[in-house]
Amino acid sequence: MLPINLIREKREFIIERLKVKNFEAEEIINKILKLDSSRREIQSKTDLLQGEMNRISKEIGSLMKDGKRDEANASKEATYSLKEEIKVLTDKLVPIDIDLRNEIIRLPNLPHESVPGGHGADDNIKVREGGIMPVVSETALPHWDLIKKYDIIDFDLGIKLTGAGFPVYKGKGAKLQRALISFFLDEGEKAGYLEVMPPLMVNEDSGFGTGQLPDKEGQMYHATLDNFYLIPTAEVPVTNIYRDVILNADKLPIKNIAYTPCFRREAGSWGAHVRGLNRLHQFDKVEIVRIAHPDHSYESLEEMVNHVENLVSKLELPFRILKLCGGDMSFTSALTYDFEVWSAAQKRWLEVSSVSNFESFQANRLKCRFKEKGDKQTRLVHTLNGSALALPRIVAAILENNQTGSGIKIPKALIPYTGFDIIN
RNA sequence: GGAGAGAUGGGUGAGUGGUUUAAACCAGCAGUUUGCUAAACUGCCGUAUGGGAAACUGUACCGGGGGUUCGAAUCCCCCUCUCUCCGCCA
(Lines give C-alpha, C1' and ligand atoms only; values in the text may rest on other atoms or scores of the structure.)
Protein backbone atom coordinates (compact mmCIF):
# COMPACT_ATOMS: atom_id res chain seq x y z
CA MET A 1 0.00 0.00 0.00
CA LEU A 2 1.51 3.30 -1.07
CA PRO A 3 1.37 6.07 1.55
CA ILE A 4 -1.23 8.70 0.75
CA ASN A 5 1.32 11.51 1.26
CA LEU A 6 3.45 10.06 -1.51
CA ILE A 7 0.48 9.84 -3.85
CA ARG A 8 -0.41 13.43 -3.04
CA GLU A 9 3.09 14.78 -3.50
CA LYS A 10 4.46 12.67 -6.37
CA ARG A 11 1.54 12.00 -8.65
CA GLU A 12 3.50 12.17 -11.93
CA PHE A 13 6.40 10.16 -10.57
CA ILE A 14 4.13 7.33 -9.47
CA ILE A 15 2.30 7.21 -12.79
CA GLU A 16 5.64 7.01 -14.63
CA ARG A 17 7.12 4.35 -12.34
CA LEU A 18 4.05 2.12 -12.52
CA LYS A 19 4.29 2.11 -16.32
CA VAL A 20 7.38 -0.07 -15.80
CA LYS A 21 5.00 -2.63 -14.30
CA ASN A 22 2.66 -2.07 -17.25
CA PHE A 23 0.16 -0.58 -14.85
CA GLU A 24 -1.95 2.36 -15.97
CA ALA A 25 -2.35 4.34 -12.75
CA GLU A 26 -3.53 7.73 -13.89
CA GLU A 27 -7.24 7.10 -13.57
CA ILE A 28 -6.98 5.51 -10.13
CA ILE A 29 -4.67 8.22 -8.85
CA ASN A 30 -6.97 10.97 -10.03
CA LYS A 31 -9.81 9.29 -8.24
CA ILE A 32 -7.69 8.90 -5.10
CA LEU A 33 -6.65 12.54 -5.09
CA LYS A 34 -10.24 13.65 -5.54
CA LEU A 35 -11.45 11.44 -2.70
CA ASP A 36 -8.53 12.50 -0.55
CA SER A 37 -9.17 16.20 -0.93
CA SER A 38 -12.85 15.88 -0.15
CA ARG A 39 -12.02 13.64 2.77
CA ARG A 40 -9.64 16.22 4.16
CA GLU A 41 -12.06 19.05 3.60
CA ILE A 42 -14.88 17.26 5.41
CA GLN A 43 -12.54 16.09 8.14
CA SER A 44 -11.27 19.55 9.01
CA LYS A 45 -14.84 20.91 9.09
CA THR A 46 -15.84 18.05 11.37
CA ASP A 47 -12.85 18.65 13.63
CA LEU A 48 -13.83 22.28 14.02
CA LEU A 49 -17.45 21.48 14.87
CA GLN A 50 -16.43 18.68 17.20
CA GLY A 51 -14.11 21.07 19.02
CA GLU A 52 -16.97 23.51 19.48
CA MET A 53 -19.16 20.68 20.70
CA ASN A 54 -16.55 19.57 23.24
CA ARG A 55 -16.18 23.14 24.48
CA ILE A 56 -19.93 23.55 25.07
CA SER A 57 -20.23 20.17 26.74
CA LYS A 58 -17.55 21.07 29.22
CA GLU A 59 -19.30 24.35 29.87
CA ILE A 60 -22.53 22.51 30.61
CA GLY A 61 -20.64 20.30 32.99
CA SER A 62 -19.38 23.20 35.09
CA LEU A 63 -22.76 25.02 34.94
CA MET A 64 -24.47 21.90 36.27
CA LYS A 65 -21.91 21.71 39.04
CA ASP A 66 -22.64 25.31 40.00
CA GLY A 67 -26.34 24.52 39.99
CA LYS A 68 -27.08 26.90 37.12
CA ARG A 69 -29.67 24.66 35.59
CA ASP A 70 -31.33 27.15 33.25
CA GLU A 71 -28.08 28.29 31.68
CA ALA A 72 -27.06 24.69 31.19
CA ASN A 73 -30.32 23.92 29.44
CA ALA A 74 -29.87 26.93 27.19
CA SER A 75 -26.44 25.64 26.18
CA LYS A 76 -27.93 22.25 25.42
CA GLU A 77 -30.25 23.86 22.90
CA ALA A 78 -27.20 25.29 21.13
CA THR A 79 -25.71 21.83 20.63
CA TYR A 80 -28.65 20.31 18.76
CA SER A 81 -27.92 21.93 15.41
CA LEU A 82 -24.18 21.35 15.85
CA LYS A 83 -24.82 17.69 16.47
CA GLU A 84 -26.95 17.45 13.36
CA GLU A 85 -24.24 19.12 11.24
CA ILE A 86 -21.60 16.76 12.55
CA LYS A 87 -23.77 13.78 11.75
CA VAL A 88 -24.33 14.94 8.18
CA LEU A 89 -20.58 15.35 7.69
CA THR A 90 -19.56 12.02 9.19
CA ASP A 91 -22.22 10.23 7.17
CA LYS A 92 -20.58 11.68 4.10
CA LEU A 93 -17.11 10.76 5.32
CA VAL A 94 -17.65 7.05 5.90
CA PRO A 95 -18.19 6.01 2.25
CA ILE A 96 -15.40 8.30 1.12
CA ASP A 97 -12.97 6.62 3.52
CA ILE A 98 -13.98 3.19 2.27
CA ASP A 99 -13.68 4.19 -1.39
CA LEU A 100 -10.34 5.82 -0.76
CA ARG A 101 -8.90 2.76 0.89
CA ASN A 102 -10.26 0.45 -1.80
CA GLU A 103 -8.64 2.57 -4.49
CA ILE A 104 -5.29 2.88 -2.71
CA ILE A 105 -4.91 -0.86 -2.24
CA ARG A 106 -5.38 -1.32 -5.99
CA LEU A 107 -2.05 0.41 -6.68
CA PRO A 108 0.93 -1.95 -6.93
CA ASN A 109 4.27 -1.15 -5.34
CA LEU A 110 6.61 1.13 -7.27
CA PRO A 111 9.44 -0.76 -8.95
CA HIS A 112 12.97 0.24 -7.96
CA GLU A 113 14.66 2.60 -10.42
CA SER A 114 16.92 -0.21 -11.64
CA VAL A 115 14.01 -2.43 -12.70
CA PRO A 116 13.84 -2.84 -16.47
CA GLY A 117 10.60 -2.60 -18.41
CA GLY A 118 9.18 -5.68 -20.08
CA HIS A 119 6.21 -7.99 -20.19
CA GLY A 120 7.34 -11.45 -19.18
CA ALA A 121 10.05 -13.96 -18.42
CA ASP A 122 11.92 -13.20 -21.66
CA ASP A 123 12.57 -9.64 -20.55
CA ASN A 124 14.23 -10.58 -17.26
CA ILE A 125 17.91 -9.74 -17.00
CA LYS A 126 20.50 -12.36 -16.19
CA VAL A 127 22.64 -10.95 -13.38
CA ARG A 128 25.09 -13.83 -13.14
CA GLU A 129 25.34 -17.58 -13.27
CA GLY A 130 27.46 -20.22 -11.61
CA GLY A 131 28.10 -23.90 -11.12
CA ILE A 132 29.05 -26.55 -13.62
CA MET A 133 26.48 -27.86 -16.08
CA PRO A 134 26.10 -31.60 -15.44
CA VAL A 135 26.75 -34.14 -18.14
CA VAL A 136 24.06 -36.78 -18.14
CA SER A 137 23.47 -39.56 -20.62
CA GLU A 138 20.92 -39.36 -23.42
CA THR A 139 18.79 -41.86 -21.53
CA ALA A 140 18.74 -39.75 -18.34
CA LEU A 141 15.39 -39.92 -16.64
CA PRO A 142 13.26 -36.98 -15.52
CA HIS A 143 12.68 -36.90 -11.77
CA TRP A 144 9.10 -38.20 -12.01
CA ASP A 145 10.54 -41.44 -13.33
CA LEU A 146 13.47 -41.47 -10.90
CA ILE A 147 11.23 -41.20 -7.85
CA LYS A 148 9.34 -44.28 -9.01
CA LYS A 149 12.49 -46.18 -9.88
CA TYR A 150 13.89 -45.69 -6.38
CA ASP A 151 10.48 -45.54 -4.65
CA ILE A 152 11.22 -42.36 -2.73
CA ILE A 153 8.24 -40.11 -3.56
CA ASP A 154 4.75 -41.45 -4.18
CA PHE A 155 2.26 -39.23 -5.98
CA ASP A 156 -0.41 -41.90 -6.39
CA LEU A 157 -0.48 -42.52 -2.67
CA GLY A 158 -0.89 -38.79 -2.12
CA ILE A 159 -3.85 -38.81 -4.48
CA LYS A 160 -5.42 -41.56 -2.42
CA LEU A 161 -4.91 -39.68 0.83
CA THR A 162 -5.69 -36.16 -0.33
CA GLY A 163 -5.49 -35.38 -4.02
CA ALA A 164 -3.12 -34.37 -6.81
CA GLY A 165 -0.15 -32.30 -5.73
CA PHE A 166 0.17 -33.79 -2.25
CA PRO A 167 3.04 -36.28 -2.56
CA VAL A 168 4.08 -38.84 0.05
CA TYR A 169 7.83 -38.93 0.70
CA LYS A 170 9.18 -42.34 1.63
CA GLY A 171 12.45 -43.77 2.98
CA LYS A 172 15.45 -41.91 1.58
CA GLY A 173 13.04 -39.49 -0.06
CA ALA A 174 11.67 -38.45 3.33
CA LYS A 175 15.14 -38.33 4.82
CA LEU A 176 16.33 -36.11 1.97
CA GLN A 177 13.57 -33.63 2.83
CA ARG A 178 14.61 -33.51 6.45
CA ALA A 179 18.27 -33.20 5.47
CA LEU A 180 17.62 -30.23 3.19
CA ILE A 181 15.47 -28.47 5.78
CA SER A 182 18.13 -28.88 8.47
CA PHE A 183 20.89 -27.86 6.10
CA PHE A 184 19.08 -24.68 5.06
CA LEU A 185 18.21 -23.78 8.66
CA ASP A 186 21.77 -24.34 9.85
CA GLU A 187 23.20 -22.23 7.04
CA GLY A 188 20.73 -19.49 7.97
CA GLU A 189 21.66 -19.65 11.61
CA LYS A 190 25.36 -19.37 10.67
CA ALA A 191 24.45 -16.23 8.70
CA GLY A 192 22.84 -14.67 11.77
CA TYR A 193 19.17 -15.46 11.22
CA LEU A 194 16.99 -16.24 14.22
CA GLU A 195 14.86 -19.32 13.66
CA VAL A 196 11.12 -19.10 14.31
CA MET A 197 8.43 -21.76 14.01
CA PRO A 198 5.20 -19.96 13.23
CA PRO A 199 1.62 -21.23 12.98
CA LEU A 200 0.68 -22.75 9.62
CA MET A 201 -2.68 -21.03 9.68
CA VAL A 202 -3.21 -17.30 9.89
CA ASN A 203 -6.14 -14.97 10.39
CA GLU A 204 -7.52 -12.41 7.98
CA ASP A 205 -5.48 -9.50 9.38
CA SER A 206 -2.25 -11.35 8.68
CA GLY A 207 -3.41 -12.19 5.17
CA PHE A 208 -4.02 -8.52 4.56
CA GLY A 209 -0.74 -7.43 6.14
CA THR A 210 1.49 -9.15 3.62
CA GLY A 211 -0.82 -8.56 0.66
CA GLN A 212 -2.44 -11.97 0.06
CA LEU A 213 -5.85 -10.57 0.94
CA PRO A 214 -8.13 -9.34 -0.40
CA ASP A 215 -6.86 -9.97 -3.94
CA LYS A 216 -5.35 -13.45 -3.90
CA GLU A 217 -8.04 -15.05 -1.82
CA GLY A 218 -8.45 -17.93 -4.28
CA GLN A 219 -4.78 -18.90 -4.02
CA MET A 220 -5.02 -19.91 -0.38
CA TYR A 221 -6.77 -22.79 1.33
CA HIS A 222 -9.43 -21.35 3.58
CA ALA A 223 -10.66 -23.04 6.76
CA THR A 224 -14.02 -21.34 6.64
CA LEU A 225 -15.38 -22.59 9.96
CA ASP A 226 -12.78 -20.56 11.85
CA ASN A 227 -11.89 -18.15 9.04
CA PHE A 228 -8.23 -19.18 9.00
CA TYR A 229 -6.02 -19.43 5.95
CA LEU A 230 -3.34 -22.06 5.37
CA ILE A 231 -0.12 -20.17 4.75
CA PRO A 232 1.12 -20.09 1.15
CA THR A 233 4.59 -19.19 2.49
CA ALA A 234 6.24 -18.55 5.87
CA GLU A 235 6.53 -14.94 4.75
CA VAL A 236 2.96 -14.41 5.92
CA PRO A 237 3.20 -15.41 9.60
CA VAL A 238 6.81 -14.32 10.04
CA THR A 239 6.41 -10.85 8.56
CA ASN A 240 3.17 -10.38 10.50
CA ILE A 241 5.10 -10.85 13.74
CA TYR A 242 5.98 -7.21 13.16
CA ARG A 243 2.46 -6.01 12.40
CA ASP A 244 1.41 -3.02 14.56
CA VAL A 245 4.86 -2.73 16.05
CA ILE A 246 7.15 0.26 16.54
CA LEU A 247 10.78 -0.85 16.64
CA ASN A 248 13.88 0.92 17.88
CA ALA A 249 16.21 1.75 15.01
CA ASP A 250 19.10 -0.02 16.74
CA LYS A 251 17.17 -3.31 16.52
CA LEU A 252 17.40 -3.24 12.72
CA PRO A 253 17.93 -5.23 10.66
CA ILE A 254 15.85 -8.05 12.14
CA LYS A 255 16.75 -11.37 10.52
CA ASN A 256 14.39 -14.34 10.83
CA ILE A 257 14.40 -17.74 9.23
CA ALA A 258 11.58 -20.25 9.27
CA TYR A 259 10.86 -23.67 7.90
CA THR A 260 7.21 -24.34 7.11
CA PRO A 261 5.18 -26.44 4.77
CA CYS A 262 3.46 -24.15 2.23
CA PHE A 263 -0.02 -24.62 0.87
CA ARG A 264 -1.10 -23.28 -2.50
CA ARG A 265 -4.31 -23.96 -4.34
CA GLU A 266 -2.69 -22.92 -7.64
CA ALA A 267 -6.20 -22.71 -9.02
CA GLY A 268 -6.34 -22.86 -12.77
CA SER A 269 -2.60 -22.90 -13.34
CA TRP A 270 -2.04 -26.59 -13.90
CA GLY A 271 -0.43 -27.54 -17.21
CA ALA A 272 1.78 -30.00 -19.04
CA HIS A 273 5.11 -28.46 -17.96
CA VAL A 274 4.34 -28.74 -14.28
CA ARG A 275 4.66 -32.48 -13.88
CA GLY A 276 6.09 -34.15 -10.82
CA LEU A 277 7.72 -31.88 -8.30
CA ASN A 278 7.58 -28.82 -10.52
CA ARG A 279 4.34 -27.67 -8.95
CA LEU A 280 2.61 -28.89 -5.80
CA HIS A 281 -0.26 -27.95 -3.52
CA GLN A 282 1.84 -28.68 -0.46
CA PHE A 283 5.59 -28.28 -0.35
CA ASP A 284 8.38 -27.49 2.10
CA LYS A 285 10.28 -24.25 2.13
CA VAL A 286 12.76 -22.43 4.32
CA GLU A 287 12.18 -18.70 4.18
CA ILE A 288 14.35 -15.78 5.24
CA VAL A 289 12.68 -12.53 6.29
CA ARG A 290 14.25 -9.20 7.10
CA ILE A 291 12.95 -6.03 8.66
CA ALA A 292 15.40 -3.37 7.55
CA HIS A 293 16.15 0.32 7.94
CA PRO A 294 15.03 2.06 4.73
CA ASP A 295 18.51 3.48 4.21
CA HIS A 296 20.07 0.01 4.21
CA SER A 297 17.43 -2.29 2.75
CA TYR A 298 19.23 -2.77 -0.57
CA GLU A 299 22.37 -3.85 1.25
CA SER A 300 20.14 -6.37 3.01
CA LEU A 301 18.79 -7.54 -0.32
CA GLU A 302 22.31 -8.12 -1.66
CA GLU A 303 23.25 -10.09 1.44
CA MET A 304 20.17 -12.26 1.01
CA VAL A 305 20.98 -12.91 -2.64
CA ASN A 306 24.52 -13.87 -1.66
CA HIS A 307 23.17 -16.18 1.01
CA VAL A 308 20.95 -18.02 -1.46
CA GLU A 309 23.79 -18.19 -3.97
CA ASN A 310 25.92 -19.80 -1.30
CA LEU A 311 23.23 -22.45 -0.74
CA VAL A 312 22.87 -23.51 -4.36
CA SER A 313 26.65 -23.49 -4.73
CA LYS A 314 27.09 -25.81 -1.77
CA LEU A 315 24.50 -28.12 -3.32
CA GLU A 316 26.63 -28.08 -6.49
CA LEU A 317 23.70 -27.03 -8.64
CA PRO A 318 24.23 -24.94 -11.76
CA PHE A 319 22.27 -21.75 -11.28
CA ARG A 320 21.49 -18.38 -12.71
CA ILE A 321 20.23 -15.23 -11.05
CA LEU A 322 17.68 -13.07 -12.83
CA LYS A 323 16.57 -9.56 -12.08
CA LEU A 324 12.89 -9.54 -12.87
CA CYS A 325 11.47 -7.03 -15.31
CA GLY A 326 8.51 -4.87 -14.34
CA GLY A 327 5.98 -7.11 -16.03
CA ASP A 328 7.16 -10.26 -14.27
CA MET A 329 7.33 -8.79 -10.77
CA SER A 330 4.74 -9.31 -8.08
CA PHE A 331 2.21 -6.68 -7.08
CA THR A 332 3.99 -5.97 -3.80
CA SER A 333 7.65 -6.06 -4.82
CA ALA A 334 10.01 -3.18 -5.56
CA LEU A 335 12.88 -5.36 -6.74
CA THR A 336 13.03 -9.12 -7.16
CA TYR A 337 15.84 -11.53 -7.97
CA ASP A 338 14.85 -15.03 -9.03
CA PHE A 339 17.15 -18.00 -8.67
CA GLU A 340 16.87 -20.82 -11.17
CA VAL A 341 18.69 -24.13 -11.16
CA TRP A 342 19.31 -26.34 -14.17
CA SER A 343 17.32 -29.53 -14.38
CA ALA A 344 19.37 -31.82 -16.59
CA ALA A 345 16.77 -34.33 -17.73
CA GLN A 346 13.97 -31.82 -18.24
CA LYS A 347 16.54 -29.54 -19.89
CA ARG A 348 14.98 -26.48 -18.30
CA TRP A 349 15.72 -23.87 -15.68
CA LEU A 350 13.57 -24.27 -12.55
CA GLU A 351 12.79 -21.36 -10.27
CA VAL A 352 13.85 -22.26 -6.73
CA SER A 353 14.00 -18.91 -4.99
CA SER A 354 12.61 -15.43 -5.24
CA VAL A 355 14.30 -12.73 -3.17
CA SER A 356 12.52 -9.39 -2.92
CA ASN A 357 12.62 -6.00 -1.32
CA PHE A 358 9.13 -4.69 -0.68
CA GLU A 359 10.44 -1.40 0.66
CA SER A 360 7.65 0.20 2.72
CA PHE A 361 4.77 -1.29 0.74
CA GLN A 362 4.05 -4.16 3.12
CA ALA A 363 5.17 -2.10 6.14
CA ASN A 364 2.46 0.44 5.40
CA ARG A 365 -0.18 -2.29 5.42
CA LEU A 366 1.39 -3.90 8.49
CA LYS A 367 1.88 -0.59 10.28
CA CYS A 368 5.40 -1.66 11.05
CA ARG A 369 7.39 1.42 11.93
CA PHE A 370 10.63 2.32 13.67
CA LYS A 371 11.94 5.23 15.62
CA GLU A 372 15.42 6.70 15.55
CA LYS A 373 16.85 7.34 19.02
CA GLY A 374 15.87 10.84 20.12
CA ASP A 375 13.51 11.21 17.20
CA LYS A 376 9.85 11.96 17.69
CA GLN A 377 8.68 10.89 14.25
CA THR A 378 8.09 7.26 13.32
CA ARG A 379 9.01 5.97 9.85
CA LEU A 380 7.99 2.87 7.96
CA VAL A 381 10.51 0.03 7.88
CA HIS A 382 11.41 -1.89 4.75
CA THR A 383 10.50 -5.57 4.59
CA LEU A 384 12.31 -8.21 2.56
CA ASN A 385 12.05 -11.93 2.11
CA GLY A 386 13.40 -14.75 0.07
CA SER A 387 13.23 -18.51 -0.25
CA ALA A 388 16.32 -20.15 1.13
CA LEU A 389 15.21 -22.48 -0.29
CA ALA A 390 12.06 -24.13 -1.67
CA LEU A 391 12.57 -27.87 -1.65
CA PRO A 392 10.72 -29.64 -4.48
CA ARG A 393 12.57 -28.24 -7.45
CA ILE A 394 15.88 -28.47 -5.61
CA VAL A 395 15.09 -32.15 -5.10
CA ALA A 396 14.14 -32.48 -8.77
CA ALA A 397 17.45 -30.96 -9.86
CA ILE A 398 19.53 -33.03 -7.45
CA LEU A 399 17.83 -36.24 -8.61
CA GLU A 400 18.16 -35.50 -12.31
CA ASN A 401 21.62 -33.91 -12.33
CA ASN A 402 23.28 -36.47 -10.08
CA GLN A 403 21.88 -39.66 -11.59
CA THR A 404 24.44 -42.31 -12.46
CA GLY A 405 24.32 -45.94 -13.43
CA SER A 406 24.69 -46.94 -9.80
CA GLY A 407 22.22 -44.48 -8.30
CA ILE A 408 21.75 -40.83 -7.37
CA LYS A 409 24.71 -39.18 -5.68
CA ILE A 410 24.04 -36.88 -2.73
CA PRO A 411 25.93 -33.55 -2.75
CA LYS A 412 28.83 -33.55 -0.27
CA ALA A 413 27.45 -30.75 1.86
CA LEU A 414 24.29 -32.76 2.44
CA ILE A 415 25.78 -36.12 3.39
CA PRO A 416 26.25 -35.22 7.08
CA TYR A 417 22.51 -34.51 7.13
CA THR A 418 21.24 -37.50 5.12
CA GLY A 419 23.59 -40.07 6.59
CA PHE A 420 23.88 -41.72 3.16
CA ASP A 421 25.73 -40.69 0.00
CA ILE A 422 23.68 -42.41 -2.65
CA ILE A 423 20.07 -43.28 -3.41
CA ASN A 424 19.94 -46.67 -5.07
C1' G B 1 -18.85 -27.90 23.81
C1' G B 2 -20.90 -25.79 29.00
C1' A B 3 -20.42 -22.03 33.06
C1' G B 4 -18.09 -17.71 34.95
C1' A B 5 -14.61 -13.51 34.86
C1' G B 6 -12.12 -10.06 32.06
C1' A B 7 -9.72 -6.75 27.81
C1' U B 8 -7.22 0.74 29.93
C1' G B 9 -0.50 3.70 27.32
C1' G B 10 6.15 -0.17 26.65
C1' G B 11 4.72 -3.05 31.60
C1' U B 12 1.80 -3.29 36.34
C1' G B 13 -2.67 -0.96 37.33
C1' A B 14 -6.57 3.06 39.26
C1' G B 15 -10.72 5.04 37.10
C1' U B 16 -18.79 3.00 36.98
C1' G B 17 -21.58 9.75 33.36
C1' G B 18 -18.77 16.12 33.80
C1' U B 19 -11.24 19.12 37.89
C1' U B 20 -9.53 12.83 33.91
C1' U B 21 -6.21 17.43 30.76
C1' A B 22 -6.57 8.79 31.64
C1' A B 23 -4.01 8.72 38.44
C1' A B 24 0.04 6.13 40.59
C1' C B 25 4.16 2.89 40.23
C1' C B 26 7.85 0.43 37.08
C1' A B 27 10.72 0.74 32.66
C1' G B 28 12.89 4.48 29.23
C1' C B 29 15.09 9.53 28.03
C1' A B 30 17.36 14.34 29.61
C1' G B 31 19.36 17.13 33.53
C1' U B 32 21.03 18.45 38.77
C1' U B 33 23.66 16.87 43.00
C1' U B 34 26.64 13.49 45.60
C1' G B 35 30.98 10.53 43.95
C1' C B 36 31.95 5.58 41.54
C1' U B 37 29.65 -2.02 40.00
C1' A B 38 25.50 3.35 42.24
C1' A B 39 21.74 6.43 44.78
C1' A B 40 18.60 10.75 45.42
C1' C B 41 16.00 14.69 43.21
C1' U B 42 13.75 17.50 38.93
C1' G B 43 11.70 17.44 34.15
C1' C B 44 10.17 14.71 29.83
C1' C B 45 7.97 10.28 28.37
C1' G B 46 1.44 6.90 23.33
C1' U B 47 -0.33 6.78 18.02
C1' A B 48 -2.55 9.02 13.81
C1' U B 49 -4.06 13.36 11.46
C1' G B 50 -5.10 18.93 10.62
C1' G B 51 -3.05 24.17 11.47
C1' G B 52 1.74 26.70 12.51
C1' A B 53 8.61 28.57 10.67
C1' A B 54 8.56 27.12 15.65
C1' A B 55 6.77 27.36 20.51
C1' C B 56 2.27 25.56 20.54
C1' U B 57 -2.46 23.85 19.30
C1' G B 58 -7.50 21.43 17.12
C1' U B 59 -9.51 16.38 16.35
C1' A B 60 -9.78 11.01 16.88
C1' C B 61 -8.26 6.63 19.50
C1' C B 62 -9.17 2.94 26.59
C1' G B 63 -10.08 -5.01 22.26
C1' G B 64 -13.50 -4.11 17.36
C1' G B 65 -18.32 -2.26 15.62
C1' G B 66 -22.99 0.11 16.66
C1' G B 67 -26.35 2.82 20.19
C1' U B 68 -28.10 6.17 24.48
C1' U B 69 -26.51 11.35 26.11
C1' C B 70 -25.33 18.29 25.70
C1' G B 71 -21.18 15.04 27.38
C1' A B 72 -19.02 7.87 27.47
C1' A B 73 -12.91 4.41 29.32
C1' U B 74 -17.51 4.48 32.42
C1' C B 75 -24.42 2.92 30.56
C1' C B 76 -26.90 -0.51 26.55
C1' C B 77 -26.48 -4.06 22.18
C1' C B 78 -23.50 -7.17 18.81
C1' C B 79 -18.70 -9.31 17.67
C1' U B 80 -13.60 -10.88 18.63
C1' C B 81 -10.03 -12.42 21.87
C1' U B 82 -7.89 -13.83 26.78
C1' C B 83 -8.15 -16.18 31.59
C1' U B 84 -10.49 -19.74 35.32
C1' C B 85 -13.43 -24.14 36.20
C1' C B 86 -15.98 -28.44 33.92
C1' G B 87 -16.14 -31.81 29.60
C1' C B 88 -13.17 -33.91 25.61
C1' C B 89 -8.14 -34.82 24.08
C1' A B 90 -2.16 -35.41 22.03
Side-chain angles (χ1 to χ4, degrees), chain A residues 1-9 32-33 35-102 104-105 197-209 213-214 222-229 237 240-252 254 291 360 363-381:
Chain A
M1 186 162 69
L2 297 175
I4 183 71
N5 302 343
L6 188 76
I7 301 172
R8 218 179 277 147
E9 285 157 24
I32 289 170
L33 292 176
L35 287 165
D36 179 54
S37 74
S38 49
R39 188 197 69 81
R40 297 210 292 166
E41 195 191 322
I42 295 171
Q43 186 66 61
S44 62
K45 271 188 203 165
T46 310
D47 285 357
L48 227 61
L49 294 176
Q50 193 60 253
E52 180 66 5
M53 192 76 169
N54 290 342
R55 197 184 59 74
I56 295 174
S57 293
K58 255 178 217 165
E59 213 172 75
I60 293 173
S62 61
L63 286 172
M64 297 286 263
K65 190 153 269 179
D66 296 346
K68 297 176 181 168
R69 256 223 137 116
D70 295 343
E71 284 181 54
N73 283 330
S75 288
K76 273 191 200 178
E77 302 271 336
T79 63
Y80 297 148
S81 67
L82 263 179
K83 205 182 175 184
E84 189 53 37
E85 268 185 89
I86 291 169
K87 183 159 170 47
V88 169
L89 288 175
T90 48
D91 283 352
K92 258 200 226 172
L93 202 56
V94 169
I96 289 174
D97 274 337
I98 293 168
D99 282 358
L100 185 58
R101 181 185 164 87
N102 286 341
I104 289 175
I105 63 174
M197 277 187 118
L200 305 182
M201 292 181 141
V202 294
N203 60 27
E204 224 171 313
D205 285 344
S206 295
F208 178 82
L213 296 175
H222 188 190
T224 51
L225 209 55
D226 294 295
N227 199 23
F228 294 153
Y229 292 87
N240 272 283
I241 291 172
Y242 306 97
R243 170 157 52 84
D244 291 322
V245 165
I246 299 173
L247 298 154
N248 287 329
D250 58 19
K251 290 258 166 38
L252 303 175
I254 289 169
I291 311 293
S360 59
N364 194 33
R365 288 179 158 232
L366 292 159
K367 298 263 174 297
C368 180
R369 293 153 290 174
F370 74 99
K371 227 185 225 186
E372 215 82 59
K373 197 180 164 83
D375 216 336
K376 222 178 169 180
Q377 201 67 34
T378 63
R379 294 167 67 190
L380 292 169
V381 299

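Remember, predicted model here, so these are calculated numbers, not experimental data. Letters A, B, ... are given to chains in the order of the sequence lines, protein chains preceding strands, and every chain is numbered from 1.
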What's the closest nucleotide to the side chain of A:Lys83 if the choices are B:rA60, B:rG71, B:rU47? B:rG71

Would the distance check show the side chain of A:Ser206 and the main-chain N or O of A:Val202 forming a donor-acceptor pair, the cut-off being under 3.5 Å? no

Counting N and O atoms only, with roles assigned by atom type, does the side chain of A:Asn364 sit under 3.5 Å from a partner on the main chain of A:Met1, one being a donor and the other an acceptor? yes

Member of A:Ile4, A:Asp97, A:Asp99 meeting the side-chain contact (heavy atoms from CB on, under 4.5 Å) criterion with A:Arg39: A:Asp97

Give me the distance, rounded to whole Å, that separates [N] from [M] when you measure between the [atom1] atoms they each carry.
{"N": "B:rU80", "M": "B:rU21", "atom1": "C1'", "result": "32 Å"}
{"N": "B:rU19", "M": "B:rA60", "atom1": "P", "result": "15 Å"}
{"N": "B:rA14", "M": "B:rG28", "atom1": "P", "result": "23 Å"}
{"N": "B:rG4", "M": "B:rG58", "atom1": "P", "result": "45 Å"}
{"N": "B:rA7", "M": "B:rC62", "atom1": "P", "result": "14 Å"}
{"N": "B:rU49", "M": "B:rA40", "atom1": "P", "result": "39 Å"}
{"N": "B:rU84", "M": "B:rC26", "atom1": "P", "result": "29 Å"}
{"N": "B:rA23", "M": "B:rG10", "atom1": "P", "result": "14 Å"}

In whole Å, what is the span from the CZ atom of A:Arg55 to the C1' atom of B:rU21? 17 Å

Please state whether the phosphate of B:rU49, meaning OP1 or OP2, lies under 4.0 angstrom from any side-chain nitrogen or oxygen of A:Gln43. no

Given the structure, check if the side chain of A:Asp47 and the base of B:rG50 hold any donor-acceptor pair shorter than 3.5 Å. no

